[in-house]
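Here's the structure, in structure tokens; my notes come after.
What you see is a predicted model, and the numbers here were worked out from it, not measured in a lab. Numbered from 1 within each chain, the chains take letters A, B, ... in sequence-line order.
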Amino acid sequence: MIEHDFTYQIQEILQSHFGNNASTVLKESELLEYLNIKTKSATRGSKSRGSFANHYAIYVLVEDYIKGEFDKNNDYENYEGARYSDLLSRQRELPFGSKLQNHALNHRMNQEFKKYFPTCEYIPILRNSETNRYWINENLLKISVAGAAHNIAYAVIEIIDAYIDIKTDSFHQFIASCEKIQQLQSEDPNKAQEFITSLIQPNMDARIFEIVSFAILKEYYADQVIYWGWTLDSIQKASLILHKTGRTNANDGGIDFVMHPLGRFFQVTETTDVRKHFLDIDKVQRFPVTFVIKSSESIDVITNKISAQAKKSYGVAKIVRRYMECIEEIINVQILLNHFNKVVENNRLQNVIEEIVLQSKVEFNYYQE
DNA sequence: AGCGGTGGGTGGATACCACA
DNA sequence: TGTGGTATCCACCCACCGCT
């Protein structure tokens, strides 16, 4: 059995339920081992995926099992089963579960379980396709150790709860502090400013950095206007609007922000290695991009670094020049801070914070009633 | 060690089907 | 014809793996 950081917590929970038998219970139970495998990412930081769907499929069924007190009354075999709609809506009430679909309950949980335990004779989720009712396989909940029967239903719930707690804790804290700052900002704008400043430091999580960059730049550009039109007498005034083109993590090779109506492209990166954005620059003409780089180095240093990489990759001066011409602007942490200060001067701090809270909730599927 | 390719996992969208 | 339940398609992330 694999052991990782969260395994220790699983063992602790089992100990509180089964005392000395805890380790045997864990060894004997495929379901617990499955949870152990699936909780590997618990302590891997906010960047790794939650993968809550299969956890929640087990969770809602076991919860239903406990609600019927089947761990005590021994009558599960006569139970009519749980309704699909109830299970699904319960899943969606759980943290980060608001977008879950039928996948886990219908197929994927069983499929994945079988992948890990090909010889296990039990299928975890049972269903009757005539009545559309669902059950957890009770055989997987009852573990017998030296002739004594142990029911792991409550332990399973506790383990998944603990997993949810770990996975969401830092995020909850983040949203909470945003909301606190939001209330606080009229009384103590300095505090709010300090907080935002801390969010765009180089050691910040990439997704948070992208969200905060977006919020600042959006407000910053909103103050700028251009005049444009199809004919001279139809020229109109427009403020620059920055759009986010998708979720941070659903954007492989895509562009992070687009500016209307100028059509500027913005790309947020963690490092000065921008080669991947200009991969075939020697063959194709590339669209100019503004890079928001999570670095406190000066623009000169960053530019030199990028230029050095380009030289190393292409060698030919002409292509290097074209490469550098495709970088419309570089925005580092300092420039972001300057822009931010300007936004604050214009009394738009509130908007920035609101945008951060909104975008974070979207990014992490977090909804609070 | 760093890379590029690959395939499984995940979530969103939608097609399909049964039934009222 | 709307609703609930299920299956499938698709895009994208990411872990993994073999190559250099």
Is A:His107 touching bases, backbone alone, or none of the nucleic acid, heavy atoms closer than 4.0 Å?
-> nothing
Using atom CD1 of A:Ile37 as one end and atom P of B:dG9 as the other, report the distance to the nearest whole Å.
-> 12 Å
Would you mind reading off the distance between A:Tyr56 atom OH and B:dT10 atom P, rounded to a whole angstrom?
-> 14 Å
Charged N to carboxylate O under 4.0 angstrom, A:Glu345 versus A:Lys342?
-> no
When rounded to whole Å, the CE to P distance for the pair A:Met109 and B:dT10 reads 12 Å
Contact class for A:Arg127 (heavy atom, under 4.0 Å): base, sugar-phosphate, or nothing?
-> sugar-phosphate
Check the distance between C:dA7's C1' and A:Tyr84's OH and give it to me in whole angstrom.
-> 11 Å
For atom CG of A:Leu100 and atom P of B:dA13, their distance in whole Å | 13 Å
Exercise: do A:Asn54 and A:Tyr34 side chains pair donor with acceptor under 3.5 Å = yes
Where the side chain of A:Asn106 is concerned, which of B:dT10, C:dA7, B:dG11 is the nearest nucleotide?
-> C:dA7
Given atom CZ of A:Phe52 and atom P of B:dG9, what is their separation to the nearest angstrom?
-> 18 Å
Reckon A:Asn132 has a side-chain N or O less than 4.0 Å from the OP1 or OP2 of C:dG4?
-> no
Would you indicate which nucleotide in B:dG12, C:dT6, B:dT10 comes nearest to any side-chain atom of A:His103?
-> B:dG12
Atom NZ of A:Lys237 with >12 non-hydrogen neighbours under 6.0 angstrom = no
For the side chain of A:Glu112, counting heavy atoms from C-beta on, which of C:dT6, B:dG11, B:dT10 is nearest?
-> B:dT10
Looking at C:dT6, B:dT10, B:dG11, which one has an atom nearest to any side-chain atom of A:Tyr134?
-> C:dT6
CG of A:Asn110 versus C1' of C:dA7: gap in Å, rounded?
-> 15 Å
Starting at atom CG of A:Leu88, determine the distance to atom P of B:dG11, rounded to an integer number of angstrom.
-> 13 Å
For atom CD1 of A:Ile157, decide whether the heavy atoms of other residues, nucleotides or ligands shown that lie under 6.0 angstrom number more than 12.
-> yes
Distance-only check: which donor-acceptor pairs under 3.5 Å involve side-chain atoms of residues 16-24 of chain A, not counting sequence neighbours?
unit_1  : atom_1 : unit_2   : atom_2 : d
A:Ser16 : OG     : A:Ile13  : O      : 2.7
A:His17 : NE2    : A:Glu158 : OE2    : 2.9

Do side-chain atoms of A:Asn73 reach the backbone of A:Glu69 as a donor and acceptor pair under 3.5 angstrom?
-> yes
Is there a donor-acceptor pair under 3.5 Å between the side chain of A:Arg127 and the backbone N or O of A:Asn132?
-> no
By nearest-heavy-atom nucleotide on DNA chain C, the more 5' of A:Asn128 and A:Arg108 is A:Asn128
Are any protein N/O atoms closer than 3.5 Å to N/O atoms in nucleotides 14-20 of chain B? If there are, list each pair with its distance.
none

